[in-house]
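Please read these numbers as outputs of a predicted model, since none were measured by experiment. Just so you know, residue 1 is the first one in the sequence shown, and it goes up from there.
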Amino acid sequence: MNKVIIVGATTGIGYELAILYAQKNWLVGATGRRKDLLQNLQQQFPENIVTECFDVIGNENIESIKNLSQQLGGLDLLIYNSGFGEVSQELNWEIDKLTTLTNVNGFIEIVNYAFNYFKVEGQGHIAATSSIAAIRGGSYSPAYNASKAFISTYMEGLYIKAAKLKLPLYVTDIQPGFVKTAMAKSDDQFWIAPVAKAAEQIYKGIANKKRKVYVTKRWRVVAVLMQIIPIGIYKRFG
């Protein structure tokens with residue numbers, strides 16, 4: 001039976017992914033900050049889901065991932081879905097600090113460990129949720145865009161590193177547009193995907209070992225346009 005750890009599985013995309021993988025008969029290690037939500041998730045699939053309650057901005061990341069791996073009896077796939085984002089138009093340091101601790105520090109510690117774990121095992125798969133926001137800077141929440149860009153760039157580096165090692169070690173960068181979750185706070189949302197649809201597309205992209213997954217697929221067009229728009233034009237709405 002395949003084993004996956006989903007970091008940030010109590011709500012939103014991570015929650016839907018945990019359910020989806022359990023329904024596909026994977027053994028799922030689900031993590032999150034709220035024990036009650038994790039218990040609720042486990043009760044739905046007691047034979048397929050084990051849980052570990054911890055906050056990625058704390059000091060228990062590696063210990064908790066190791067513990068989950070042992071409970072699962074190994075690990076085939078790690079998905080880092082934990083994330084934080086709030087509007088910081090006035091450059092609120094507390095918001096930017098929490099954004100960085102979650103989206104950069106927590107991410108890199110866990111994903112770095114997972115890559116080295118899979119390198120020893122000789123195979124594995126890492127997926128992480130960045131964002132379409134990773135492509136360019138944004139005035140409403142500069143730290144959020146920058147932190148998601150960090151995730152995307154780091155994942156590309158791991159992809160290249162895995163290729164140089166010539167190992168079946170796959171790396172998938174998940175780039176959602178707007179998904180109907182609590183994280184989607186913009187007043188100018190469009191092409192909003194239901195969470196279940198987003199999770200299904202992510203699952204298929206990971207199963208097909210895609211390097212990059214746009215959610216939904218039409219956001220690939222936006223990604224291309226954002227890359228080529230001159231800064232003089234982009235600054236009017238970025």
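Taking all atoms of both residues into account, the shortest heavy-atom contact from Ile126 to Met155 is O-CE, 3.7 Å. Here the shortest heavy-atom pairing between Val104 and Ser147 reads CG2-CB, 3.8 Å.
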*Taking it one step at a time, do Asn92 and Asp96 satisfy side-chain hydrogen bond (donor to acceptor under 3.5 Å, both in side chains)?*
CA-CA 6 Å; Asn92 183 307; Asp96 287 3; over 6 Å; no
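Taking the six-membered ring wherever Trp is involved, the centroid distance between the rings of Phe107 and Tyr154 falls below 6.0 Å.
No side-chain N or O of Asn40 forms a donor-acceptor pair with one of Asp36 less than 3.5 Å apart. No hydrogens or angles considered: a donor-acceptor pair under 3.5 Å links the side chains of Asp173 and Gln175.
In this structure, Arg211 is positioned above the aromatic face of Tyr159, its NZ or CZ under 6.0 Å from the six-membered ring centre and within 45° of the axis.
The structure places NZ of Lys204 at 9.0 Å from CG of Asn208, a figure rounded to the nearest 0.5 Å. Atom CD1 of Ile174 sits about 13.0 Å away from atom OH of Tyr80, to the nearest 0.5 Å. Taking CG from Asn2 and CG from Leu75, the interatomic distance works out to 10.5 Å, rounded to the nearest 0.5 Å. We find the CG-CZ distance between Asn59 and Phe54 to be 12.0 Å, quoted to the nearest 0.5 Å.
A continuous path of ILVMFWY side-chain contacts below 4.5 Å connects Val7 to Ile108, so both sit in one hydrophobic cluster.
A donor-acceptor pair under 3.5 Å links the side-chain atoms of Thr31 to the main chain of Gly8, judged by distance alone.
At least one side-chain heavy atom of Thr100 sits less than 4.5 Å from a side-chain heavy atom of Asn105.
Ring-plane geometry between Tyr170 and His125 is classed as tilted, the angle between the planes lying from 30 to 60 degrees on a 0 to 90 degree scale.
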